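Taking it in order: structure first as structure tokens, then the write-up.
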Amino acid sequence: MPEIKSKLDKILLLVEKPSRYTGGEYNSAQPEKAGALYRFCFCFPDIYEIGMSNLGIAILYDIVNKLPEFIAERCFAVKEDMRRAMEKEGVPLFSLESKRPLGEFDIVGFSMQYELLYSNLLYMLELAKIPFRTSERGEDCPIIIAGGPCTANPEPFADFFDAIIIGEGEEATEKFCKLYSECKKAGLKKSEFLKRAKAITGVYVPAQFERGEKVVKAAVKKLDDAPYPLHPIVPAAEAVHDRAVVELYRGCASGCRFCQAAFWYRPIREKSPETVLNTAKSIINNTGFDEITLASLSSGDYTHLERVLSELSGFAESRRVNIALPSLRLSGFSGDFVKNSRKSSLTFAPEAGTQRLRDVINKNITDADIDNIAEAFREGYNSVKLYFMLGLPTETLEDIEGIAEICRKLRRLYIEYNHKKDISISVSCSVFIPKPATPFQWERQLTIPEILERQAYLRGKLREIKGVTLSWHGAESSKLEAALARGGRELSKVIERAYALGAKFDGWTESFDYEIWKRAFFECGLDLDALTSEIAEGAELPWDFIDIGIPKSYFLAERKKAFSGKTTESCRRGCRGCGANALGECSI
């Protein structure tokens with residue numbers, strides 16, 4: 001808009017990294033298009049560099065921009081220096097493409113990726129001058145919707161949204177937009193549109209929800225047919241993951257009992273190698289990225305990975321593009337996977353230090369599988385990153401000692417194969433968080449003193465090993481994440497109070513203030529500790545109204561097997577009967 005654009009000319013001279021706010025990136029949409037009647041703004045409640053790494057927004061942005069009557073734009077949370085400058089000049093939060101205030105859009109969609117972003121939702125709404133709660137917004141306000149992984153339990157933020165798309169957004173978002181167009185042309189009010197939107201699979205309308213209703217998770221039936229951006233936006237400021245991404249498949253066959261994504265993204269649907277190759281080549285040709293990632297929850301398990309790597313490597317090399325693989329399963333790792341990759345660090349996720357605990361969590365890898373990393377050492381790799389988790393159910397100090405033993409073993413193997421001692425082992429250790437839609441959704445989380453004690457024990461053990469560095473997640477932020485993950489609608493007042501007390505950018509260590517959240521829970525009369533305690537198996541859970549295709553009985557059976565130390569084999573060795581096939585045909 002002309003007024004905002006003229007003020008931005010002044011503001012952008014005063015703030016850090018103005019490219020976060022300018023828009024105009026290569027492959028971004030034009031702010032005007034013939035025939036367009038409605039505007040949709042995708043919002044990510046964190047800064048540009050993080051939001052531009054999000055594949056989900058890239059996919060949906062492409063889908064909506066292909067609808068003849070819609071224009072899709074983007075907006076990210078602004079840093080404090082930009083906020084101060086905007087408030088001084090009277091500039092509301094705006095989109096990157098047209099510099100239009102969020103309040104002037106038809107639909108504003110937020111990507112809810114992570115519980116510690118909840119306060120930033122309110123931060124962005126306030127900067128946009130949009131009331132927080134649905135009940136406070138009139139017909140002149142945009143439709144405010146949400147999507148993303150946190151919709152596995154949307155109740156803590158449900159009161160802030162007119163509608164929430166639960167599950168995968170491709171088909172549901174397109175249907176939502178088309179229905180909006182029909183209702184606007186018919187002159188229907190917002191409440192009538194939302195009433196009709198409830199009929200779309202995956203759409204949850206909190207204000208109209210009645211006890212006993214079910215919302216079926218949206219899932220793409222066949223991934224080969226799903227839209228995918230072949231001209232992704234090239235960020236103007238370096239993104240956290242500054243590379244092109246090609247999705248190999250969704251879901252995970254392993255069924256680790258702590259992992260929400262493993263169950264949330266079932267059924268398992270693989271893309272054909274032809275689709276993957278064509279997509280990768282198109283993206284390389286249409287962008288200036290020098291790296292392309294073959295992504296999934298466990299890329300090494302993709303059925304056609306060796307063929308794709310073989311056929312893509314020459315094409316990528318001719319254009320000086322590196323092929324990268326994210327975290328690999330130790331049990332499925334092969335040295336052939338890394339022969340054509342740049343010799344940077346490899347990443348693996350053993351999660352637990354002993355075989356006993358890996359059986360509890362159903363991480364079907366053995367101590368012998370760790371020897372497979374030696375294949376990477378033969379190919380010239382001298383850096384390995386390992387992901388572990390502290391506080392898993394039944395964990396003991398012996399299990400933590402096992403993490404150190406894995407590091408010692410890797411160092412011995414490296415010296416054996418390379419006769420050098422300069423290996424770098426990076427250990428990243430998160431805290432177990434009981435998440436909805438998992439067999440461990442009922443478990444307790446360690447108390448903060450217990451977390452700190454175990455982190456200190458691990459630090460002491462790893463100090464004894466040369467070449468090992470350790471990073472870990474904060475005890476207090478992990479505690480809050482667990483509470484927000486499992487709470488109900490009563491938490492909306494806590495989120496609102498915490499924001500009023502100054503909470504924002506809680507995912508950033510330097511910004512997170514646990515005392516604010518403790519005070520907010522106390523003032524709202526809620527017990528933070530109760531939300532991280534064990535939940536009775538028969539208790540009603542806030543997210544029970546969501547049908548993800550996997551019944552609670554399956555999760556309970558897996559929980560029972562966990563405490564008996566029994567594993568469940570990978571789906572790739574035969575169907576385990578979880579029930580997710582009801583939402584789409586499993587492709588393995």
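Keep in mind the model is a prediction, meaning the values are calculated, not measured. Note: hydrogens, waters and symmetry copies are ignored here, and every other heavy atom, side chains too, is used.
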Check your understanding: Between Glu481 and Lys435, is there a salt bridge with N-O shorter than 4.0 Å?
Key ->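 So Lys435 pairs with Glu481 through a salt bridge.
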Output side-chain donor-acceptor pairs under 3.5 Å for residues 121-132, partner residues at least two apart or in another chain, one line each.
residue	atom	partner	partner atom	Å
Tyr123	OH	Val78	O	2.8
Glu126	OE1	Tyr499	OH	2.4

Point to revise | Qualifying side-chain hydrogen bond (donor to acceptor under 3.5 Å, both in side chains) pairs, either residue in residues 135-149, two or more places apart | key: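 Residue pairs with at least one partner in residues 135-149: Thr134-Arg137.
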**Study point:** Pairs satisfying ring-ring contact (aromatic ring centres under 6.0 Å, His included), at least one member in residues 47-80, at least two apart
**Key:**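 Counting only pairs at least two positions apart or across chains, the ring-ring contact (aromatic ring centres under 6.0 Å, His included) contacts touching residues 47-80 are Tyr38-Phe70, Tyr48-Phe76.
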Could you pull out all residues at least two apart from [X] that satisfy ring pair (Phe, Tyr, Trp, His ring centres under 6.0 Å)?
X      : answer
Phe42  : Phe40
Tyr118 : Phe157
Phe176 : Phe193

Practice item. Give the intermediate values and the outcome of salt bridge (charged side-chain N to carboxylate O under 4.0 Å, His left out) for residues Arg83 and Glu87. Key: CA-CA 6 Å; Arg83 177 195 64 80; Glu87 290 182 345; 2.7 Å; yes
Point to revise | For Arg39, side chain to side chain donor-acceptor pair (under 3.5 Å) partners two or more places apart | key: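 With neighbours one apart ignored, the set is Glu32, Glu73.
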Review point. Looking at residues at least two apart in the chain, or sitting in another chain, which of them share a side chain to side chain donor-acceptor pair (under 3.5 Å) with Asn286?
Key: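 His231.
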Point to revise | salt bridge (charged side-chain N to carboxylate O under 4.0 Å, His left out) contacts touching residues 499-509 (sequence neighbours left out) | key: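 Matches after skipping sequence neighbours: Glu80-Lys504.
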Practice item. Among residues two or more places apart or on two chains, list those pairs meeting salt bridge (charged side-chain N to carboxylate O under 4.0 Å, His left out) that have a residue in residues 49-66. Key: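 Sorted result for residues 49-66: Lys17-Glu49, Arg20-Glu49, Asp62-Lys66.
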Review point. Can Leu294 and Leu309 be said to form a side-chain contact (heavy atoms from CB on, under 4.5 Å), step by step?
Key: CA-CA 9 Å; Leu294 304 179; Leu309 286 173; 3.8 Å; yes
Practice item. Walk me through it: do Phe289 and Ile284 pass the test side-chain contact (heavy atoms from CB on, under 4.5 Å)? Key: CA-CA 7 Å; Phe289 289 113; Ile284 289 172; over 6 Å; no
Please tabulate, for the side chains in residues 7-16, all donor-acceptor contacts under 3.5 angstrom to protein atoms that are two or more places apart in sequence or on a different chain.
residue	atom	partner	partner atom	Å
Lys7	NZ	Glu89	O	2.8
Lys10	NZ	Glu89	OE2	3.1

**Study point:** Arg459: partners by side-chain contact (heavy atoms from CB on, under 4.5 Å), with sequence neighbours left out
**Key:**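 Once residues adjacent in sequence are excluded, the partners of Arg459 under the side-chain contact (heavy atoms from CB on, under 4.5 Å) criterion are Gln455, Ala456, Arg463, Leu470, Trp472.
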